[in-house]
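Working notes for the structure below.
Numbered from 1 within each chain, the chains take letters A, B, ... in sequence-line order. From a predicted model like this one, the values you see are computed outputs, not experimental measurements.
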2 protein chains.
Amino acid sequence: MTDTPSKPRREQIHDVASRLFSERGYHATSMRDLASELGMQGGSLYAHISGKEDLLIEIVNGASRQFDEALLALQSADLPADEKLREAMYRHIQVVAENLESATVFFHEWKHLSPEAYRKVTHWRDTIDNFYRELITQGIREGVFSPGLDVRMASNLILSVVNWTYTWYHPGGLLSPRNVADSFAEMLLSGLKTPLPQERP
Amino acid sequence: MTDTPSKPRREQIHDVASRLFSERGYHATSMRDLASELGMQGGSLYAHISGKEDLLIEIVNGASRQFDEALLALQSADLPADEKLREAMYRHIQVVAENLESATVFFHEWKHLSPEAYRKVTHWRDTIDNFYRELITQGIREGVFSPGLDVRMASNLILSVVNWTYTWYHPGGLLSPRNVADSFAEMLLSGLKTPLPQERP
DNA sequence: CCTACCGATCGGTAGG
DNA sequence: CCTACCGATCGGTAGG
């Protein structure tokens, strides 16, 4: 019988790399930094991985896959556009909030990827962009969203809000992803301005 | 008589550093990369600057000063809150758009600053945060903004939108900072949803 | 602003 | 997973 280790070594490396890359950045993290946090020597890492960039690719791809899985299932959901937007924002923010470290690496370090992995990320961005644009378009068609909307700018607006979460969200705090999403979605849908007074009685 | 050089060498170094740091990141840019773009040897840079971090500090401080100058003049402006918000978003986005490279460095590389400069940035963030919170508070007091707003989240929402601009804006494109700001401000103020039908005639 | 150099550290490998 | 090492490159300096 073999021991059942708490977590595969490979996964531990991935986790520590996510943390260090997100805190210090990819290039400012050395393989020796990484190894020492895992209690091993620098060279020993290469028994588990084939190179530093492998780790970055794995983290970035993992993050983009999480976004895909969270959002693309919604694409064909039979919901009014405003509810679909609320749910999409919730899922999007949830992925960011529950994977803050890899999300941070994803947003900051993808430019250091070699061409192939780099293209994958730009392609991913287009996919997500399209998701939100279609959602807006659907909403306008349904009459739920304002017909004057610029679809591109509206999708841009939403993406700004959900993505920027990685810069300020604190997982241990009072706000759950649901709270954040509800609050943001409500403001985006209804606007900051006081609704016009109906009429004088 | 001496020549009047097109641009002081010091400034050229600053500009090239902004570009390289924004494209490749601070740690992935070597002093030799920088020097070779300026047509000199690595060591020669130190006739003009005292160290690599000096450049980063200068870029980051320059960016935050630009934001300050653009926004803080508005603080005491005698404008209705909704117009003040439009103008603030315009100025904020303008700073980002007209200084894309240093803005990118500002948002991505500030975590590599040594403690003193690091604190200055976090302090700056609080200042800007307060600016938008006061703007929201003013708007609620005036009855222009919805009384139910969560001030912190509303300011967060606005900051997301204006800051995220650095990730997608293309200076040579069709959209001017004014276009972007108008579009975003309008959506934020009035919301994405179709206004409720007034009443049936 | 250049040449020549410093010690330190980098990612990665060989051999066990 | 360790020891010992590789060539390359790093930020920075001395002396001119």
*Verify the ring-centre separation between B:Trp164 and B:Phe107: is it less than 6.0 angstrom?*
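B:Phe107 vs B:Trp164: aromatic centres not under 6.0 Å.
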*Assert yes or no for the condition that the ring centre distance of A:Tyr26 to B:His27 is strictly below 6.0 Å.*
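Here the rings of B:His27 and A:Tyr26 have centres that are no less than 6.0 Å from each other.
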*Is there a donor-acceptor pair under 3.5 Å between the side chain of A:Lys52 and the backbone N or O of A:Thr29?*
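Checking the backbone N and O of A:Thr29 against the side chain of A:Lys52, a donor-acceptor pair under 3.5 Å is found.
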*A:Leu135 and its side chain to side chain contact (heavy atoms under 4.5 Å, CB included) partner, picked from A:Asn130, A:Leu85, A:Leu71*: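 Only one option passes, and that is A:Leu85.
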*Using whole Å, report how far CD of A:Gln41 lies from P of D:dC2.*
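Computing the A:Gln41:CD to D:dC2:P distance gives 5 Å.
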*Mark yes when over 12 heavy atoms from residues, nucleotides or ligands other than A:Arg9 sit less than 6.0 Å from its CZ; otherwise mark no.*
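More than 12 within 6.0 Å, yes.
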*Show your working on side-chain contact (heavy atoms from CB on, under 4.5 Å) between A:Leu174 and A:Asn179 and close with a plain yes or no.*
CA-CA 9 Å; A:Leu174 294 171; A:Asn179 291 332; over 6 Å; no
*Go ahead and name the base partner of D:dG11; Watson-Crick or wobble counts if both distances stay under 3.5 Å, otherwise write none.*
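Across any shown strand, D:dG11 pairs with C:dC6.
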*What is the base-pairing partner of C:dG16, counting Watson-Crick and G-U wobble geometry with both distances under 3.5 Å?*
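Pair assignment: C:dG16 / D:dC1.
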*asked:* How would you summarise protein contacts on nucleotides 4-16 of chain C per nucleotide, using B for base, S for sugar-phosphate only and - for none, with heavy-atom distances below 4.0 Å?
replied: -B----SBBB---
*When you get a sec, tell me which of C:dC1, D:dT3, D:dC1 is the closest nucleotide to the side chain of B:His48?*
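The nucleotide sitting nearest to the side chain is C:dC1.
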